[in-house]
Amino acid sequence: MFDRLDFSFQAGDFVCLTGKNGSGKSTFLRFLAGFIHPEQGELAYRRADDMFSEIVPDDFLLSGHQNGLKPGMTLRENADFFVRLMTGTPASSSILENATEIFSMAALLDEPVQYFSSGQRHRAALMRFALVDRQIWLMDEPTVGLDADNRAALASLITGHTARGGIVVAATHDPLGVPGVTLDMDAFQPAGLALEEAWL
Amino acid sequence: MFDRLDFSFQAGDFVCLTGKNGSGKSTFLRFLAGFIHPEQGELAYRRADDMFSEIVPDDFLLSGHQNGLKPGMTLRENADFFVRLMTGTPASSSILENATEIFSMAALLDEPVQYFSSGQRHRAALMRFALVDRQIWLMDEPTVGLDADNRAALASLITGHTARGGIVVAATHDPLGVPGVTLDMDAFQPAGLALEEAWL
Amino acid sequence: MHRFANPAQFNRLADAILPWAIGAMVLLFAAGLYTAFFASPPDYQQGESVRVMYIHAPAAWMAMFIYMVMAVASFTALVWRHPLALLAGRATAPLGAMFTALALLTGMLWGKPMWGTYWVWDGRLTSVLILFFLYLGYMALWQSVEDEEKAGRAASILALVGVVNIPIIKFSVDWWSTLHQPASVIRLDGPTIDGSMLLPLLLMAAAYQAYFIVVFLWRMKLEINRRKLAVARQAMMHAPVGAE
Amino acid sequence: MSAGQQTSMVSVFTAIVRRDVRLAWSQGGGSLLALGFFLIAVSLFPFGVGPAPQVLARIAPGVIWVVALMAAVISIDRLFQADFEDGSLDDLMLAPLGTFGMVTAKVLAHWLSTTLPLAIMAPALGVLMNLPDGAYATLIASLLIGTPALSLIGSVGAALTVAVRRGGVLMLLLILPLYVPTLIFGVGAVDAAVSLTDPLPHLALLGATTLIAAVVGLFASTAALKLAME
Amino acid sequence: MSAGQQTSMVSVFTAIVRRDVRLAWSQGGGSLLALGFFLIAVSLFPFGVGPAPQVLARIAPGVIWVVALMAAVISIDRLFQADFEDGSLDDLMLAPLGTFGMVTAKVLAHWLSTTLPLAIMAPALGVLMNLPDGAYATLIASLLIGTPALSLIGSVGAALTVAVRRGGVLMLLLILPLYVPTLIFGVGAVDAAVSLTDPLPHLALLGATTLIAAVVGLFASTAALKLAME
Ligand code: HEM
Ligand SMILES: Nc1ncnc2c1ncn2[C@@H]1O[C@H](COP(=O)(O)OP(=O)(O)OP(=O)(O)O)[C@@H](O)[C@H]1O
Ligand SMILES: Nc1ncnc2c1ncn2[C@@H]1O[C@H](COP(=O)(O)OP(=O)(O)OP(=O)(O)O)[C@@H](O)[C@H]1O
Ligand SMILES: [Mg+2]
Ligand SMILES: [Mg+2]
């Protein structure tokens, strides 16, 4: 899909993917998460113990265009299942409390998600980053539909994570107000060309 | 749903709905479009001939959280159907050309919509405002997923419409860069209370 | 093996084979149809209607054979991600469906004089019907997934799961004692059929094979061109503004 | 002015019908699959019931009608839902044609694209199920007269469940009981033909059912749809 | 460390099973509707075929099995699709359990929540269809042994069509042919019980089919699912 894409991230990086519509930001995030396999080239990952290894899904959290919430369940039930799914243990109440506070969701905790407005849903989806401890966060357009207060909350969540040595890769059209590297997807060879060579 | 909501728009207005997540912007737009009926109060509409009348759906165009495009059809087919649906005549090529130019969609015109990225889809949905001539435009978060160039295109589209005497009501968290009235939904009574009064 | 991964190579190979295959097909059909309808004796039991067999039995063999070709292509596509293998599966499926339909139709037409009914729910007949459905499902899956590559791989998985059906067709007559007669040509202890009937049967089988090869190569070339076109279109769509 | 208005409504109507027929037959559309379901589900019965030709012949009209009904219901479940999910239902309802006309156009398109082909395909399944020779004409006639009712009644269920996730199966529950009269008269006609009596009274009743379904179905669907969009 | 890892995998597995069972039985979930479909569709047959008791008894095992199979297929069509549409399938696949374990958990949940209740409800429908007294035990046994195969084979279809709009009906087309062996052996067992012969050989073959379905089904579903997510 991409040609001549050669880069590396390291602990503490905040990478902001920018680029025109259709430049491949979403595709790139799904590629990082291991859903899409590269046609050529490889993705390597160096652990703390200095060994290169393949990507291990345990180290990622991804929030995409969909929010991954079950409309019929309350926010609390959704969050609890998410934690169980990712760690095998139930969500401790302190973690849950902390996560709800960030995007001020406390009042909505026991409401079924189907009654949320679009922004509330999106905030509920972003709570995952505070619920589970993973090193690499992949965020696709995290600011969509957020009001000003919540954008600020998002920015400080990201800053906190990178300060602790986490990596955040976010595709966005809105400046997040977090200092970091910007990767402009427009600069890379567009999709389809790698394939073309083999076929034409 | 809302209490103490009393306002009027008139030709040439650009109304920007702002407010926290869940303050009722989307609901209000659907209410204006006639999908939701008020529990009390009424919505009146004064035509050029100075007669009050009920809302006629012919005067609205709405773009919501979904984009209303058929993924299997090309953009041209989608646009053509939209024009036929709204006017009963096929889309003239000059109108189609003009509409594609605004959001620079010309290269995508004969591609099936399913291959579009999220921003491209959203732009395709916004094309409707240039395809059909209606006075009142209702836009729910029109900037979502648009890159900088296309936000500017959107702003000039809106400015042009209000200059011709159209009305634009847009719910958004991003400033659009278009001068107009701002209606802050947070200032109104929150949801649920109108109902409550009747029951207590 | 990766020599054929290159579509251009494959096209050249196909162009080399095609004239020979077409010639063989014409000759074999001429000889097969002549011996089947004029130069072979009527059966002492079935009379003239035995001639349906020369159309029917080889068609039934082809139906199973092509499914195996499709399964092998699918396996190759899934395991080695061989791009042409996907197209090969796609090219064979309609042919397989066609031969299956031919076997079903001729069988039904034959069934009326032989068994007194067009259709019975005999093990052999029903498993061929299932084979037909599998072909349809394979093609429907190719049609309905948006991304070509994905569609092909999904259809390949289905094709492999469906392989379970092939032994059922082959051995159903032995497992269930039913109306349909057991194999008399393709069996371990050699054919048990009279030579005068065996010859047209084998000629027709060879003619079907030649037909399969010809149409298969044509369809492959078609698929390759279609694919090229799609890739070119995609490339154009994604070309950066002002790059050319 | 009024005449011009009129013409344009007709072309909006045909635009909707043509779009829906096209979508139904295009990649991933429902018609081909409904036909496939019809074919496969009927051919499962001999596996279940056993191959005895006289038993098959006895149950053939019933099985063909019941499965046709299921194929119709399965394909109609997304009559409005697909448009609801991608947001185009909003547009359809804001169009100058109005909700009632739009619903009529969509039901007509469903009948043309899906239930009518079921009727046309039925004879082939009659052969599979050993239907007696004399009954084919009546089978087709009964399906031609009865299938519009399947689309019409189905549209009520589709409209009622449009805002519900997994509407499809909920709709089955709402709709299948309403299909019973159509089923009884339809099978009655074919059975009459099988037993060499006059199928006409059954066909007349079937036609009446379809007419009632047309009136009640279109209004009920329109009302249900408006409700769902609130 | 390794033991701790182990426990946590088991609890992830049970978390998925419990969630899916809960969703299946909650508002808008599929289980209740599959049961409703089973009930209504079977009760349509007396209308279609006519009420003659001996005809009904003759076709009862077949009809019950065929409709159970359709109910299973209709309810399994959204096994992965619902999660795919709302994005939670991404999370499920990024979970430490891995795709194979996740698929196994979801198939198990489907069997527990939907196809197992079908087996339990079948005797009631046997009464509606005049099933002879001696056949009830075998009916239940055959459904208990055969229904896991329905969930397993169905999951392949669900995974293959996950990224397809209107997957439901396409899935029917892919899956119904693969259900045939299960159907034949299942009905064979009940028929044997009705005709007072030994149903055990049929049940043994049915069990073998289920085992093959377990192996082939889980691997094929996993592969198909990974593909769909690309
Ligand atoms: C729709 C109905 C029918 C179907 C689906 C069908 C299917 C098949 C199949 C799959 C074979 C290949 C067998 C093998 O290689 O093991 C076959 C061969 C054959 N069939 Fe049929 N058949 C049908 C009807 C009939 C009828 C009515 C007759 C005549 C009574 C018949 C006579 C034969 C004969 C003679 C062969 C060649 C057997 C051999 O030499 O291997 N079939 N058929
Ligand atoms: N279908 C529904 N049923 C009940 N309540 C709903 C429904 N949809 C929305 N609400 C509630 O109505 C309120 C207003 O929702 P609305 O979607 O209009 O908000 P919004 O201003 O558009 O928010 P956002 O900025 O997040 O898009 C919210 O509190 C929400 O919980
Ligand atoms: N399923 C698909 N099949 C084929 N092409 C696709 C598919 N999905 C996306 N594309 C193409 O890949 C390109 C990259 O899409 P992607 O969604 O990654 O863009 P993006 O940078 O996220 O854009 P946006 O800002 O609009 O979200 C687009 O040009 C799009 O047309
Ligand atoms: Mg994107
Ligand atoms: Mg909103």
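A, B, ... follow the sequence lines: proteins, then strands. Residue 1 opens every chain.
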| task | Please tell me if the side chains of D/D83 and B/K70 come closer than 4.5 Å, counting only heavy atoms from C-beta onward. | result | yes

| query | Considering only heavy atoms, which portion of B/R84 lies under 4.5 Å from any heavy atom of chain D: side chain, backbone, both, or neither? | reply | both

| query | Checking D/I16 against chain B: side chain, backbone, both or neither under 4.5 Å from a heavy atom? | reply | both

| task | Answer yes or no: is there a side-chain heavy-atom contact under 4.5 Å between B/M86 and D/V12? | result | no

| Has D/R18 got more than 12 heavy atoms of other residues, nucleotides or ligands less than 6.0 Å from its CZ? | no

| field | Shortest non-hydrogen separation from B/R128 to D/D91 and the atoms involved | value | NH1-OD1, 2.7 Å

| Salt-bridge contact B/E77-D/R19 (side-chain N to carboxylate O under 4.0 Å) | no

| request: Would you name the heavy atoms of B/G88 and D/S11 that are closest together and state the gap between them? | output: O-OG, 2.6 Å

| query | Given that the side chain runs from C-beta out, which part of B/T87 has a heavy atom under 4.5 Å from chain D: side chain, backbone, both or neither? | reply | backbone

| message | If I compare all heavy atoms of B/L62 with all of D/D90, which pair ends up nearest, and what's the gap? | response | CD2-OD2, 3.9 Å

| message | Quick one: does any side-chain atom of D/S88 pair with a main-chain N or O of B/G68 as donor and acceptor, under 3.5 Å? | response | no

| request: Just do the side-chain contact (heavy atoms from CB on, under 4.5 Å) check on D/L94 and B/L61 with the steps written out, would you? | output: CA-CA 8 Å; D/L94 286 181; B/L61 275 186; over 6 Å; no

| task | Output, in order, the C-alpha distance, side-chain angles, deciding distance and verdict of side-chain contact (heavy atoms from CB on, under 4.5 Å) for B/L85 and D/M102. | result | CA-CA 10 Å; B/L85 176 69; D/M102 182 269 283; 6.0 Å; no

| remark: Whatever's closer than 4.5 Å to a heavy atom in chain B on D/L89 counts as neither

